[in-house]
Amino acid sequence: MDEVFELGSKIREDFPILKRLVRGKPFVYLDSAATTQKPIQVIEAIKNYYEMFNANVHRGIYSIAEEATVAYEKAREKVAHFINARSPREIVFTRNATEAINLVMYSWGLSNVRRRDVLLTTEMEHHSNLLPWQTLSKLKGATLKFIGFNEDGFLKLEEFDKYKNKSVKLFAFTFASNVLGTINQVRELVKYAKKMGAVTIVDAAQAVPHMPVDVQQLDCDFMVFSGHKMLGPMGIGVLYGKERLLEEMKPFMVGGEMVKAVSFESSEWNDIPWKFEAGTPNVEGAIGLAAAIDYLQRLGMDTVRKHEVKLTEHALDALTRVDGITYYGPSSPEQRCGLISFNLKGIHPHDLAMFLDNEGIAIRAGHHCAMLLHNRLGITASARVSFYIYNIPSEIDLLVNNLEKIKKMLEI
Amino acid sequence: MGIHLPEDFPKHIIEHYRRPRNYGEIEGANVIVKDSNRLCGDYVEIYLKFEGKRISDISFKGQGCMMSQASASMLTELIKGKEVDEVLKITKNDITKMLGLELDPVRMKCAMLPLVAIRKGIETYLSKR
Ligand SMILES: Cc1ncc(COP(=O)(O)O)c(C=O)c1O
């Protein structure tokens, strides 16, 4: 535990927001799965861009436009390297993970999915990786099917057998569940999908920020994630796609930046990845994300992961000692990402979050954009705590103390 | 030493949540209505007994957040013995006053759930008469 404390404590110094008070109390932020706080290095990188070389990219002939373009494309290279893509050409910048999934839905889905095809997903998806496929299946007359999960929060792999002889076009699944915390066996799932001939799209919004990820090793066709969940600014997200697929796909949006030549009748699309980036991109976002990746790489993603496993272990230990707590998902911290959803008997999660807020503790309450999953658990809402590199064990202890106090106050 | 309540958080809400008044079923109720709030899973079941146009007895059962359950408990106290016409005049504003708390729209929906159910119950009774 000491090393977890040491790392977290040292890192906290870099996060200005963690020094503020909330309702007169030290701020305890336990909602990093929603968005992470930002280190001074990221804030400075964005500030520096606006103070030193703000210009539109890929257009200007003058020096700072060139500097901005280089920084923007360097950010792309950094992202590619971070997830071990073969080339920066496989990295498309989007607004967030949600937009990246929608891009695949419109651009790949509309051209490739036909009537009576099967689109496969799971019952543990965030709405971001569910609604696009629901929409696509309606538009195309395809069927949307779901792989369920068991009591321990793992996907029921045997259910794949049902789809052996079907025309499964796509398998869209989450790398790590934002409610159960389950880390799925992506490599295995991709293999299953490949056998069925399905294209794979992995929602890595809760994975890329928290652990080493290697897209070549996983061999998925598409992967998406959001910058704001990994120390970066809001408004920048990533679509990774295999070059071959991206080349075949039509643009998602059309306009400036994404064309080579325009005539009155038609236009010639730009090369990948720019073909998918219509209009002025989020340069500030890309530069901020690059700074975030630098920060994470300095720590090392193995260290980031280890820190979270230790914190999760501590939190599971502490929470399960509270009478009346039910938590969801796997029991082993090694099989979970750094978040825990739970319910405390006798109190609604919304009330719990309200009382904790009054103590300066920020947690999430509700269905966390996963109503289907909550239905399956037989509940309508849960409370969720989630961790990142700056969290320390004493914050979890404070949370648990307050849970006990709330129980006492409400006599539950 | 206990947890500090939000400064302006009315103690009587917690009081009613902890010890709901008029909780349970009543024998010989003329109308039983259920209502729920899908988004957060709040649920109430209201038992109403009438004498002419007066609500002679009322009770509730339910589950859910503090706002919905405390509001139900307080409403049963407020309504018991009142004329139907009077009860139908109770507004959102009155609920806010009763709770002593300004709520955001999401939580206001929770607090309104029991009143919405009671109105339905009264309408059912009146249409049967
Ligand atoms: C698993 C998962 N997928 C997708 C998303 C959507 O991310 P964003 O809102 O940044 O597009 C989230 C975050 O809320 C998530 O947790």
Side-chain angles (χ1 to χ4, degrees), chain A residues 21-26 28 127 322 324 326 341 343-384 397-412, chain B residues 1-21 23-24 34-45 60-74 95-96 99-114 116-117:
Chain A
L21 300 179
V22 170
R23 294 179 183 265
K25 312 220 168 64
V28 174
H127 293 164
V322 179
T326 308
S341 301
N343 262 296
L344 181 56
K345 200 167 167 238
I347 180 162
H348 194 282
H350 285 164
D351 297 324
L352 197 59
M354 177 186 71
F355 286 123
L356 289 171
D357 173 56
N358 204 53
E359 303 299 305
I361 304 172
I363 73 159
R364 186 78 189 268
H367 54 58
H368 324 303
C369 300
M371 285 181 105
L372 204 64
L373 190 160
H374 279 80
N375 274 350
R376 273 292 177 250
L377 292 173
I379 53 176
T380 46
S382 60
R384 181 185 74 186
D397 300 337
L398 192 70
L399 166 81
V400 171
N401 280 343
N402 276 294
L403 291 180
E404 293 289 4
K405 281 192 206 163
I406 292 167
K407 280 181 58 176
K408 226 185 224 159
M409 171 185 72
L410 298 176
E411 295 174 9
I412 49 178
Chain B
M1 256 303 286
I3 188 160
H4 304 276
L5 284 172
E7 273 153 45
D8 44 3
F9 195 84
K11 302 253 182 317
H12 65 272
I13 293 184
I14 295 184
E15 234 295 294
H16 275 267
Y17 177 71
R18 255 179 4 195
R19 279 181 270 280
R21 318 293 145 76
Y23 196 87
K34 297 174 192 179
D35 209 348
S36 61
N37 182 345
R38 265 194 77 203
L39 201 62
C40 28
D42 296 333
Y43 167 79
V44 289
E45 192 172 324
F60 83 102
K61 291 202 309 193
Q63 236 174 26
C65 76
M66 198 172 283
M67 293 310 147
S68 65
Q69 302 305 302
S71 165
S73 170
M74 287 181 211
I95 298 288
T96 305
L99 292 169
L101 195 62
E102 284 290 333
L103 292 173
D104 61 78
V106 176
R107 305 226 75 189
M108 193 63 215
K109 233 180 158 169
C110 307
M112 283 295 287
L113 179 69
V116 171

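Note that the structure is a prediction, hence the values are computed from the model and not measured. Here is how names work: the chains are called A, B, and so on, in the same order as the sequence lines, proteins then strands, and each is numbered from 1.
Qualifying side chain to side chain contact (heavy atoms under 4.5 Å, CB included) partners for A:D357, counting only residues two or more places apart in sequence or in other chains: A:V22, A:R23. When the side chain to side chain contact (heavy atoms under 4.5 Å, CB included) test is applied to A:T326, the partners found at least two apart in sequence or on another chain are A:Y328. Listed by chain and residue number, B:Y23 satisfy the ring-ring contact (aromatic ring centres under 6.0 Å, His included) test with B:F60 (two or more places apart in sequence, or in another chain).
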* To do: Before giving the answer on side-chain contact (heavy atoms from CB on, under 4.5 Å), spell out for A:H350 and B:M66 the whole-Å C-alpha distance, their side-chain angles and the decisive distance to 0.1 Å.
  => CA-CA 9 Å; A:H350 285 164; B:M66 198 172 283; over 6 Å; no
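Other residues, nucleotides and ligands contribute over 12 non-hydrogen atoms within 6.0 Å of the CD atom of A:E411. Taking a 6.0 Å sphere around CD of B:Q63, one finds it holds 12 or fewer heavy atoms contributed by other residues, nucleotides or ligands.
Within the 4.5 angstrom heavy-atom criterion, no atom of A:L352 approaches chain B.
Shortest non-hydrogen contact noted between B:Y17 and A:H348 is OH-N, 4.3 Å. Across all non-hydrogen atoms, the minimal contact from A:D351 to B:M67 is OD1-N, 4.5 Å.
Taking 4.5 Å as the heavy-atom cut-off, the residues of residues 373-384 of chain A that approach chain B are A:T380, ordered by number.
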